[in-house]
Structures are given as C-alpha cells and as structure tokens.
2 protein chains.
Amino acid sequence: MKAKKQSLVEVVIERIKKSIIDNNLKPNDKFLSEGELVEQLQVSRTVIREALISLQALGILKVKAGGGVFVADTKLYAITSILKHHYETYGVKIKELVEIRKIIELGALRLIIEKNIDVNLEAFYSINHSYYQSIINNNNTNQYDNDFHQLLIKTTQNETFYHFSEIINEYFLLAKMDLFQKEEDLMKSYDEHTQIIKAVAEKDLTKAQQTITQHFNPIFTFIKQMEEES
Amino acid sequence: MKAKKQSLVEVVIERIKKSIIDNNLKPNDKFLSEGELVEQLQVSRTVIREALISLQALGILKVKAGGGVFVADTKLYAITSILKHHYETYGVKIKELVEIRKIIELGALRLIIEKNIDVNLEAFYSINHSYYQSIINNNNTNQYDNDFHQLLIKTTQNETFYHFSEIINEYFLLAKMDLFQKEEDLMKSYDEHTQIIKAVAEKDLTKAQQTITQHFNPIFTFIKQMEEES
DNA sequence: GTTATAATATGGTCAGACCAATTTTAGTTA
DNA sequence: TAACTAAAATTGGTCTGACCATATTATAAC
C-alpha cells in the first residue's frame with residue numbers, strides 16, 4: 001500500500017483541527033498563539049505558521065496580525081474562493097447551472113409541501129413586493145429575485161440544503177447572468193412568483209411545480225438561443 | 001471604507017492565481033519552482049512558501065517535495081476537507097442529507113428523461129449486478145449502491161451537477177450511514193434499482209420518480225425511528 | 001475615570017543554513 | 001544502441017534567529 005509520508009506541516013494541521021474539535025471551540029474563540037503552539041507541539045515556528053496559513057485558507061482559523069489566532073466562523077464560505085478560481089479557470093456552462101437551480105427549487109417546493117411546513121407567507125409577499133418595486137425602478141432586480149429564491153430554500157427547514165444552495169448561488173452570481181432584461185419579462189417573472197406563493201399556501205404541489213417549470217422555460221429558451229448564436 | 005491592508009502573502013496568492021488563469025495552465029502542468037517565484041516576484045522564500053501552501057490547501061496547486069510545483073487537477077475535491085472539518089465540528093442531520101439526496105435523484109431522473117438522453121443501460125445493469133452479488137456475499141454493498149447512484153447523476157450529462165453531487169456524497173460517506181443491514185431490505189433495494197433502470201429505459205418519468213420515492217421511504221421511516229428513540 | 005503614552009505580545013517578512021526527496025546527468029555495462 | 005547505475009543538481013521541508021508592523025495591555029498623566 002501507499003504509506004505516503006506525511007509532512008510535519010500536515011501532521012500539525014491535523015493536530016490543530018483535532019484540538020479545535022476536542023476542545024469544542026466555537027467561532028471567534030481565541031486559539032493558541034504561534035509561540036504557544038511552538039512550545040506545545042515542539043516544532044519550528046515555520047511549520048506552525050504554514051499550518052496556520054493553511055487552516056486560514058480553508059476558513060477554519062482566522063489569523064489577526066498582532067492580535068492572535070482565532071477560530072473562524074466557518075459556514076462553508078471558504079468554499080467560495082475555491083469555486084471562484086474554479087470558475088475563472090474552467091468557466092461553467094450556464095445551462096448546467098440553471099438545470100441545477102431548477103432541480104433545487106422543484107425539490108424545495110416538494111419538501112415544503114410534503115413536510116407540511118408552516119410557511120411565513122408574509123415574508124414571501126414582502127420580498128415579492130420589493131421585487132415588484134425594483135422592477136418598476138429598474139434597480140437591482142436580480143438581488144430581490146435572488147432573495148425570493150433563497151427564502152424558498154430556507155423555508156424547507158433543511159439547513160444543509162440551504163448551505164449547499166448558497167454555495168451554488170455563489171457560482172451563479174459569479175456567472176453574472178442577466179437573463180431577464182426587459183420589464184415585461186421581469187413582470188411575468190414577478191407574476192409567477194406570486195403564483196408560486198399561492199400554490200404553496202394552498203399546498204398544491206403540482207401547481208407549484210408547474211409554475212416553477214414555466215418560470216424556467218424562457219430561461220432555457222434564451223440559453224438555447226445563445227448557444228445557437230455562438 | 002475598509003482598506004484592510006493586504007499581506008504580502010495574500011498579494012502573492014492572487015498573483016499566482018492570476019498567473020495560472022492567464023497562462024491557461026492545465027492540471028498537472030508544471031508551475032514555477034519556489035526559487036523561480038522568489039526571483040520573479042521579488043519576495044522572500046517564506047512568503048512564496050506560505051502562498052504555495054495556501055494554494056495547495058485550496059486544491060489549486062500541488063507541491064511535490066523534490067519534484068516541484070504543479071497545477072492540481074482541481075475538481076473541487078479540496079472542498080472535501082472543509083466539509084470534513086465542518087462535519088466533525090458541527091455534525092450534520094442525517095435526515096437533511098437524505099432529503100437532499102432524494103431531491104438530487106428525482107432531479108436526475110427528470111433531467112435524463114426530459115433531455116431524452118441516450119442511456120447506457122448496459123452500464124446500469126452491470127453495476128446493479130455487482131450490487132446483487134455484493135448483497136449475496138454480504139460484502140461492500142454500500143459501495144455498489146453508491147456506484148449506482150453516481151452513474152445516475154453522471155448520466156444527466158451535467159458536469160457541474162455531478163461535481164456538486166459528489167461533494168454531497170462525500171458528506172454522506174462521512175456520516176457513515178448503515179441504514180440497510182438486513183439482506184431482505186437490500187434485496188428490495190436491488191429490485192428497486194432494477195425498476196428504476198426499466199423506467200428510465202422506457203422514458204417513464206412518473207414511474208421512475210415513484211420508484212425512487214418508494215426507494216427512500218423506508219430510509220425516512222428508519223430515521224424517524226432513530227429520532228424517536230433518542 | 002478617562003485619555004495619552006509606553007511596554008509587551010503577536011503576527012509578518014527576511015535571510016541563511018542544512019536535510020530529504022526527486023529529477024537529471026553522466027557514466028557504465030550488457 | 002539500450003538499459004541500468006551512480007553521482008550531481010534541483011527542489012521542496014524544516015530549523016534558527018533576527019527585525020518590522022500591528023494590536024493589546026499596562027502605565028502614567030490629567
């Protein structure tokens with residue numbers, strides 16, 4: 001088999017991770033300083049520093065010059081920088097992202113209705129109203145559109161699902177898609193949001209999913225056009 | 001405003017990232033050595049090393065002792081280590097993961113059938129056969145079960161979707177769920193796999209999704225039991 | 001008690017040295 | 001010529017000590 005000799009830095013990284021977990025350290029807790037780690041783990045400052053830098057990159061620790069080392073409030077946001085580079089290197093197929101988003105939203109609707117979740121309709125209408133106004137003012141519509149979708153995911157009461165959706169959303173934002181430009185398209189989108197809320201309120205899964213599907217159709221059409229043009 | 005002074009290491013990291021992108025470097029391409037980077041960027045070896053270590057942690061570069069620095073074949077696998085720590089720190093609700101997996105698979109089936117994808121039925125039957133044998137031999141059933149699910153996702157011809165599903169799968173594996181233990185349950189699971197293949201072959205979305213749903217039901221029941229016990 | 005200042009602690013960067021693993025080169029042999 | 005071997009060079013891994021920059025803490029002045 002492959003023993004694959006671990007470097008000292010790797011060993012230290014594992015030890016530190018374990019220490020965080022074993023000591024049940026919470027975000028923003030102060031961690032040991034470089035000097036203390038040198039003393040405790042009996043390795044050079046170089047190794048400690050490289051381990052800390054690594055853990056910082058992974059969003060596990062946060063190092064403040066002059067201040068010390070702290071536990072980062074990791075909510076998987078470190079993943080964003082990875083995605084960003086991945087996107088800038090390989091790009092991403094818009095169509096694939098939209099397909100994923102559709103899957104997520106269809107799934108979210110099903111979860112909400114099947115789990116018989118008590119939906120905060122007010123919040124939905126409130127966001128949708130902001131969306132409406134942003135369309136009229138032609139200002140930041142994407143933001144409010146996005147808020148709606150995120151609220152939908154959050155309503156599923158599945159935190160893990162929400163986290164992953166956020167990550168995918170980051171990817172989405174990187175791609176900076178401006179699929180809907182015309183006001184009439186946006187208005188149609190707004191109407192569909194309203195229909196979706198109603199369907200959810202009535203716990204009508206079929207109707208909700210049909211509306212979402214309809215919501216996505218013009219986007220796919222648009223993408224197909226783009227593909228054909230290029 | 002927050003100027004937030006960037007450290008030299010951070011600057012170097014950005015420069016290196018940019019260099020990879022601008023030079024259109026591909027995975028496994030040889031990158032500049034530490035010495036060359038010191039020369040080119042005019043900073044100390046310490047800074048270069050810390051930047052390289054960081055980029056390695058993010059799965060962007062791969063440093064081989066004695067060999068040199070290479071572009072990593074990043075397929076988002078670096079995210080795994082972040083998830084691992086996140087899981088070990090915060091844990092994860094099994095129910096949430098299963099809900100996500102169900103969403104993914106329902107979505108995959110829909111994509112396959114709606115996109116009218118030419119399915120490699122042989123591959124499905126082959127994997128399912130291995131699954132069958134593993135059940136009989138009571139050996140590594142989870143592995144083959146997983147293979148089936150991954151093939152399903154791969155068949156959607158959506159690479160991004162596949163990547164994300166793999167990440168979620170990693171999470172799944174961390175949780176080390178042994179939900180099906182008894183041979184009869186496993187056999188039922190095998191039968192359902194077979195039905196799913198057939199439904200896909202016949203492009204019968206309703207049947208496929210019904211079967212998947214049925215496939216997940218006992219798992220949710222099991223989870224509910226576990227929750228009630230604790 | 002508050003504020004200003006000095007001292008201290010802590011991380012950031014640099015330089016040089018030596019070790020360990022890998023790759024390259026040169027040499028030898030079949 | 002081709003394949004193997006050994007030496008040399010390259011490259012990353014770790015250590016030490018020094019000095020700078022920033023943040024926190026202690027001290028002194030008001």
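Letters go in sequence order (proteins before strands), and every chain restarts at 1. From a predicted model like this one, the values you see are computed outputs, not experimental measurements.
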Problem - Separation of C:dG11 C1' from A:Leu55 CG (nearest whole Å) - result: 16 Å
Exercise for the section: Take the protein atom CD of B:Gln56 and the nucleotide atom P of D:dG12, then report the distance between them rounded to whole Å. Expected result: 11 Å
Completion exercise
Judged by nearest nucleotide, the residue sitting upstream toward the 5' end of DNA chain D, B:Gly35 or A:Gly66, is B:Gly35
Exercise for the section: Send over the distance from A:Leu32 CG to C:dA9 P, rounded to a whole Å. Expected result: 17 Å
Problem - Intermediate values then yes/no, side chain to side chain donor-acceptor pair (under 3.5 Å), B:Asn137 and B:Gln133 - result: CA-CA 6 Å; B:Asn137 302 329; B:Gln133 292 198 311; 5.7 Å; no
Problem - B:Lys102/B:Glu99 ion pair, N-O < 4.0 Å - result: no
Protein-nucleotides 14-17 of chain D N/O pairs closer than 3.5 Å?
| residue | atom | partner | partner atom | Å |
| --- | --- | --- | --- | --- |
| D:dT14 | OP1 | A:Leu8 | N | 2.4 |
| D:dT14 | O4 | B:Arg45 | NH1 | 3.4 |
| D:dC15 | OP2 | A:Ser44 | N | 3.1 |
| D:dC15 | OP2 | A:Ser44 | OG | 2.6 |

Practice task
In whole angstrom, give the distance that lies between atom CD1 of B:Ile48 and atom P of D:dT11.
Solution key: 14 Å
Practice task
Examine distances only and state if a side-chain atom of B:Gln42 and a backbone atom of B:Glu39 form a donor-acceptor pair shorter than 3.5 Å.
Solution key: yes
Handout entry: Length of the line joining B:Ile53:CD1 and C:dG12:P, which is rounded to integer Å
Key = 15 Å
Completion exercise
Atom CZ of A:Phe70 and atom C1' of C:dA9 are separated, to the nearest Å, by 12 Å
Practice task
Quick one: sort the B:Phe148 and B:Phe124 rings into parallel, tilted or perpendicular, breaks at 30° and 60°.
Solution key: perpendicular
Problem - Least distance between heavy atoms, B:Ser165 atom then B:Ile153 atom - result: OG-CG2, 3.4 Å
Problem - Gap between atoms CD and C1', on B:Glu39 and D:dT11 respectively (whole Å) - result: 16 Å
Practice task
Verify whether the ring centers belonging to B:His129 and B:His193 lie closer than 6.0 Å.
Solution key: no
